Amino acid sequence: MAEELAAGQGIEIDLTMPDGKGGRKYITPHVLKHTAITWAVQRGAFLPDVASYFSTSLETIERVYWHHSPDHQRSAVEAMDRRK
């Protein structure tokens, strides 16, 4: 598999930690896109904007990334807080 990625489908980076774990890994464009979407959602971006910006369906954004949002399950938490 490493040979396939070396042919231009990804980049190789060194993720070696101080304890020696990790090592060289191949990172694909999909991994970079996934990380960027996760960061946008974590920072509270409007989900339809995220979907449009990253050319990904809103359904996928909601299904795969919504749990990273600071608003995820906020209404449920607020409802439980009102019980007090």
Side-chain angles (χ1 to χ4, degrees):
M1 179 161 172
E3 294 78 22
E4 294 172 20
L5 292 175
Q9 295 179 351
I11 58 173
E12 185 179 16
I13 62 172
D14 187 357
L15 297 174
T16 304
M17 299 292 153
D19 62 5
K21 293 182 181 176
R24 299 192 71 75
K25 305 286 183 188
Y26 282 92
I27 304 298
T28 64
H30 173 78
V31 170
L32 298 174
K33 180 179 179 180
H34 178 77
T35 301
I37 293 172
T38 299
W39 288 348
V41 172
Q42 285 175 334
R43 292 178 177 124
F46 186 54
L47 296 186
D49 289 345
V50 174
S52 177
Y53 187 82
F54 290 102
S55 300
T56 303
S57 73
L58 181 57
E59 177 187 348
T60 297
I61 298 296
E62 290 172 342
R63 182 174 36 85
V64 177
Y65 302 98
W66 172 239
H67 69 279
H68 292 291
S69 172
D71 296 325
H72 178 67
Q73 298 181 341
R74 178 170 284 164
S75 66
V77 171
E78 289 171 355
M80 293 307 294
D81 285 346
R82 284 193 299 268
R83 283 186 25 205
K84 298 177 182 175

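Bear in mind the structure is a predicted one, so any value in this text is a computation, not a measurement.
Residues Pro48 and Leu58 come closest through the heavy atom pair N-CD1, 3.9 Å. Contact between Gln42 and Pro70 at its shortest, heavy atoms only, is O-CD, 3.5 Å. Scanning all heavy atoms of the two residues, the minimum distance from Glu62 to Leu47 falls at CG-CD1, 4.2 Å.
At a threshold of 4.5 Å between side-chain heavy atoms, the hydrophobic network of Ile, Leu, Val, Met, Phe, Trp and Tyr places Leu32 and Ile37 in two separate groups. Both Tyr53 and Tyr65 are assigned to one and the same hydrophobic cluster, defined by single-linkage of ILVMFWY side chains at heavy-atom distances under 4.5 Å.
Rounded to the nearest 0.5 angstrom, Ile61 CD1 and Trp66 CH2 are separated by 12.0 Å. The CE atom of Met17 sits 9.0 Å away from the CG atom of Asp14 when rounded to the nearest 0.5 Å. In this structure, the separation between CZ on Arg24 and CD1 on Ile13 is 9.0 Å, given to the nearest 0.5 Å. Distance check: Arg43 CZ to Thr38 OG1 gives 10.5 Å after rounding to the nearest 0.5 Å.
Legend: residues meeting side chain to side chain contact (heavy atoms under 4.5 Å, CB included) with Thr35, ordered by chain and number and at least two apart, are Val31, Trp39. Under the rule for a side chain to side chain contact (heavy atoms under 4.5 Å, CB included), the partners of His67 that lie at least two apart in sequence or sit in another chain are His72. When the salt bridge (charged side-chain N to carboxylate O under 4.0 Å, His left out) test is applied to Asp71, the partners found at least two apart in sequence or on another chain are Arg74.
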